[in-house]
Each structure stands twice: as C-alpha cells, then as structure tokens.
Amino acid sequence: MIRRLLARLMPGRPAAKPRVFGPDKHSIRRSQLSAGARSVTRKLHEAGFEAFIVGGAVRDLLLGIEPKDFDIATNATPEQVKPLFRRAFIIGRRFRLVHVHAGAEVLEVSTYRAAQTGEDATDEHGRLLSDNVYGTQADDARRRDFTANALYFDPETETIVDYVGGVADVRARRLKLIGPPVTRFREDPVRMLRAVRLAAKLSLAIEPKTAAPIAKLAPLIQNVPPARLFDEMQKLLLSGHAAETLKSLRAHGLAHGLLPLLDVILEQPLGTRFIDAALANTDARVRADKGVSPAFLFATLLWHEVLVTWNARKAKGEKPLPALFEAMDSVLEAQAARIAIPRRFEATIKEIWSLQPRFEQRAGTRPYRLAEHPRFRAAYDFLLLRAESGEVPQALADWWTRFESAGPDEREAMLKPDEAPARKRRRSRSRGRKRSADSDGGAGDAPADGDAQDQADHAD
Ligand code: ATP
Ligand code: MG
C-alpha cells in the first residue's frame, strides 16, 4: 500500500495520461496488419471491449520492419475473450492468455496486467514470481520491458497510445527500459538478454542508463529456469543476427552464464573461427528465409567442448569412438543444467557429432552408406564448418562436396584405396554389409580405426 503510494509520488514516473498519436502523426496503417489481427480486434470491439495491437508489432511497424506476428491487448478477461471466437484456447498458468486461431494465424490475446507489488511478489533476488494480476492499460504499459515495446495501436482509429515515451525512443532508435533499470532487471534477468537481442536485431542503441547495470547483474541469469533460458537462446540464435548478438553478449558480460566455457572456446583460435563460421552461416540462412535447425546450431556451439573432452580421453588411451560418445554425453549433461536442451534436439545433436569420424572413411562402400544416412546433410554441413575453421583439411570437405554431386562412375573413381590388411576386400557399390576397416591414408586425415568404425556402424 505504502509502496504503491510512494511509487505514485516518485519523480520520473511516467504520466498516467498517455500521449495519443493520431494517424497524421505516424505512418502505421490498418492495412499493414494481418487479416487475423484485423478481424480479432474488430470482434472484440463489437463485443464492447478495447482491443489494441501491442508490443513488438507496433515497434517493428514504426521502424519500417514487417512484424513476424501480432499480439493483442484487451480489457476483456480470458473467459470473456474465449466465447467470442470459434477456435480460441486459454493457455498458460503463470500468465493466462488466449490463443485465437484465424485461418493459419494464431493471435495472442492478453488481458491488461498490472505489475505485481508487495513482499511476496519476488524471490530473494528480486525476481518476479507471478504476473497474473489484471490492471488498466496504463498499468499494462508500465509492466512491459522497453518503452519501444509498450505502444498500443488502435486499428479502429489508427492512433498510437503511448504512456512511456516509446514513440520518441523508437524514432531516436533507442532501447530504453521502463522504470529503474536495476529493479526491472532483477524482476526478470531475461530482460538483459532481450535488450541485447533486440538492439542487435533492430539496430537500436541500448540507452546508457539501461546498459549500465548489465555487467554487474549478469550473474542473475543463473536464477532463470533453464527452459526459459533455452527459449530465449533459441530466439537469439535464430534472429538472423546471431553473430552480432553473441558479440554483444560477450561485451556485456552475459555470454558466460549461457554456455559454460563459451569464453574459453572463443579464446581458442579454432573455436572462434568455427563459431563465427557457424553463426555467419545461420544468419545468412535466416535472412534468406531458409530453414535453420536449432539442433544443428547447438551442435556447433558445443562442438569444441566435445573436442576438448574427446581429445583428453583419447590422450588417456581410450578408444576413439567410445571416447567420443562419452564426451558427447558429458557435454550435453553439463549443458542441461544451464539451458534445458529439449530431448528431441539431443538425439539430432548426437547424430551430427557421431557421424563426423565417418567422413574420414573414403574407401569401399562406407562413403555410399554415409551419403544415404538420414542425417547426412546436416553432418556434411557441419563438416564444411569444421573445414572452414581449419579443424579438418579443406580437401576432405571438397572430396565430399564432389562425391555428393558425382555420378556413379566418378564416385567409383574417387574412392580411396582400401588398405585393410588381411580381411576380404571388396570395392563395389553394393549395399552389402562390409566389416573390414577402410583406411584412407590421405594427408592430414586421422588414421582409421577398425574397431571404432564398427561401433560407428552400430550407432546408425
Ligand atoms: P520479437 O520481435 O522478438 O517477438 P517482442 O517484443 O514481440 O519481440 P515477445 O516475446 O513476443 O517479444 O513479447 C511481446 C511483448 O511482451 C513485448 O513487446 C513486451 O511488451 C512484453 N514482454 C515480453 N517479455 C517481457 C519481459 N521479460 N518483461 C516485460 N515485458 C515483456
Ligand atoms: Mg513478438
């Protein structure tokens, strides 16, 4: 009660009365909204409720960027929203909202929320535990993270409602936290990652007062539940600006808590080259609207940790393939404690890694079998990055590039001599199971290990 009163009296608190920008004062038009956004807001209006486009979409439209989705804010409760639509589902426990399906689109409709106050609203680090108290539109604006994200666009009147100076900040290309930065970052440390991600993605400058406490508060990232961290990491890495974002995370002291040993990896010349190549490649794919697999990306980010562990085990005399499998498991396990990589990704990550030693095998039927492996494409793309970073010879990658597109005769001619000793040697394209160890002997390639190859075969 007293706290709330104090907050009201505090200087610098945004005025309760918003600035309203009419259609002559900005460039956003109703026609720029998706069909679903228009129809859902219209229905809510017709039922007597307020309905605004809010958040990232308004910000993006002001910046001249096409929004990737449209979120709607309303004074209707989820129970009032749901019956208005044929396909609408109330979702979320901590933060209840309605998913309205309109054609292929899903619109998120959320009820105005107020910031939580009081002793039990936060944990001992100041992190908000709940977010489910309804409030006014003004309350809703203030509980959002950045001023640029707290703008409301009314499709009916084409006006923008601004409680926090967001329009001016967007125009100045400034990303500014609403309210006192330390408190707001403590409430939700993920906001630090969002600041860095949004600034990189939208070419905005983080306002100095917002940026100042980040380095000191960075360790609070450790208190964020791993699943939430994974979601944010995924957004960050698939933004099309991953290379820049990761650089900025490092500059703000945020990278370390996310991927253990990332700093160490980036200090090794090969590690930096590998991750740079991987991120540049991902960014190019995202920008060209090509698919990107999160599993592939996490496989690249963790590869050098696997290599370090694998090499250490081999140096102790362990056989290469069992050592690789052990290394993969230990790296993924360590990572799970920080970022919960979903199980469905783990299987793919392991496949990409475990196929790597098989690229060394270029005799007999093995190359054919590898080329037909369901995960060949991803594993091959991974090999290209290893070559680009100098970890394996470029000639090896080039060989596979050629082999992949070659016809049957050229493929046959490309095969390396089979140097397996005593066992039966067969050089054919037959799909028959062949148990001998293929050796390559090419410069710079690891010697083949018959035992190890058997294990890799079983791992198919
Ligand atoms: P993107 O373009 O990445 O989707 P966005 O700003 O739309 O960016 P969302 O995660 O979709 O991000 O969130 C929608 C809105 O919800 C934000 O614009 C902001 O107003 C609010 N929001 C999201 N995360 C937070 C947070 N951690 N704290 C406060 N408000 C948040
Ligand atoms: Mg969004």
Side-chain angles (χ1 to χ4, degrees), residues 56 60 65 68-69 145 175 189-204 206 214 218 221-222 224-266 271-306 331-332 334-353 375 377-379 381-382 384-386 388-389:
D60 289 354
I65 299 170
K68 65 174 169 34
D69 48 37
D145 47 7
L175 195 63
V190 167
R191 289 175 186 150
M192 295 189 269
L193 303 179
R194 287 177 56 86
V196 169
R197 170 170 69 84
L198 292 173
K201 174 173 139 187
L202 304 167
S203 304
L204 303 177
I206 305 177
I214 293 182
I221 296 284
Q222 309 294 332
V224 177
R228 177 128 192 264
L229 221 42
F230 180 82
D231 283 349
E232 187 56 32
M233 277 299 279
Q234 192 171 321
K235 274 194 183 179
L236 199 151
L237 294 169
L238 302 179
S239 65
H241 302 265
E244 242 175 294
T245 310
L246 217 56
K247 208 168 132 211
S248 179
L249 283 177
R250 294 192 79 208
H252 285 102
L254 284 166
H256 191 72
L258 295 176
L259 293 163
L261 301 183
L262 188 62
D263 289 341
V264 182
I265 295 161
L266 291 174
T272 316
R273 270 162 66 188
F274 182 75
I275 286 177
D276 282 353
L279 295 181
N281 177 0
T282 307
D283 286 343
R285 289 187 67 92
V286 172
R287 292 183 200 192
D289 265 334
K290 290 189 197 162
V292 178
S293 128
F296 183 85
L297 203 51
F298 280 96
T300 59
L301 289 174
L302 299 173
W303 174 241
H304 275 250
E305 267 182 80
V306 174
V331 167
L332 283 173
Q335 197 55 55
R338 287 308 312 131
I339 302 176
I341 296 176
R343 288 262 163 229
R344 66 179 192 285
F345 291 146
E346 257 186 33
T348 311
I349 294 173
K350 283 186 180 178
E351 266 183 321
I352 293 171
W353 288 341
R375 215 49 89 184
R377 191 72 224 176
D381 286 341
F382 198 87
L384 294 189
L385 294 174
R386 293 173 66 211
E388 202 176 325
S389 70

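- Not counting sequence neighbours, the partners of E388 by the side-chain contact (heavy atoms from CB on, under 4.5 Å) test are A277, L385.
- The CG atom of D231 lies 12.0 Å from the CG atom of L236; values are rounded to the nearest 0.5 Å.
- Tested against F298 for a side chain to side chain contact (heavy atoms under 4.5 Å, CB included), the candidates I352, L332, I341 yield a single pass: I341.
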Is there a side-chain contact (heavy atoms from CB on, under 4.5 Å) between I221 and L193 once you walk through the steps?
CA-CA 9 Å; I221 296 284; L193 303 179; 3.8 Å; yes
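- Checking side-chain atoms of W303 against main-chain N and O of W353 turns up no donor-acceptor pair under 3.5 Å.
- Interatomic distance, I214 CD1 to H252 NE2, rounded to the nearest 0.5 Å: 5.0 Å.
- If you take CE on M233 and OG1 on T245, they are separated by 10.0 Å, rounding to the nearest 0.5 Å.
- Across every non-hydrogen atom of I349 and A295, the tightest pair is CG1-O, 3.4 Å.
- R228 meets the salt bridge (Lys or Arg N to Asp or Glu O under 4.0 Å) test with D188; sequence neighbours excluded.
- The stretch residues 283-293 participates, sequence neighbours left out, in no salt bridge (Lys or Arg N to Asp or Glu O under 4.0 Å) pair at all.
- The CG atom of L297 sits 9.5 Å away from the CG atom of L302 when rounded to the nearest 0.5 Å.
- Of all non-hydrogen atoms in V196 and S248, the two that sit nearest each other are CG1-OG, 3.4 Å.
- T300 and I275 get closest at one heavy-atom pair: O-CG1, 4.4 Å.
- A salt bridge (Lys or Arg N to Asp or Glu O under 4.0 Å) with D145 is found for exactly one of R197, R191, R194, namely R194.
- Applying the salt bridge (Lys or Arg N to Asp or Glu O under 4.0 Å) criterion to D381, with sequence neighbours excluded, gives R377.
- Across G253 and A218, no two heavy atoms sit closer than the pair O-CB, 3.4 Å.
- Note that the NZ atom of K350 and the OG1 atom of T348 stand 11.0 Å from one another [nearest 0.5 Å].
- Not counting sequence neighbours, the partners of F345 by the ring pair (Phe, Tyr, Trp, His ring centres under 6.0 Å) test are F230.
- Of all heavy-atom pairs between A199 and I206, the closest is CB-CG1, 3.6 Å.
- With salt bridges taken as basic N to acidic carboxylate O contacts below 4.0 Å, one links R343 and E346.
- With sequence neighbours left out, Q234 forms a side chain to side chain donor-acceptor pair (under 3.5 Å) with no residue at all.
- Contact check for L238 versus P294: side-chain heavy atoms found under the 4.5 Å cut-off.
- Residues K201 and S239 come closest through the heavy atom pair CD-CB, 4.3 Å.
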Working note: R250 + K247, criterion side-chain contact (heavy atoms from CB on, under 4.5 Å); need CA distance, chi angles, decisive distance, verdict.
CA-CA 5 Å; R250 294 192 79 208; K247 208 168 132 211; 5.9 Å; no
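- For the atom pair S203 OG and L175 CG, the distance stands at 12.0 Å (nearest 0.5 Å).
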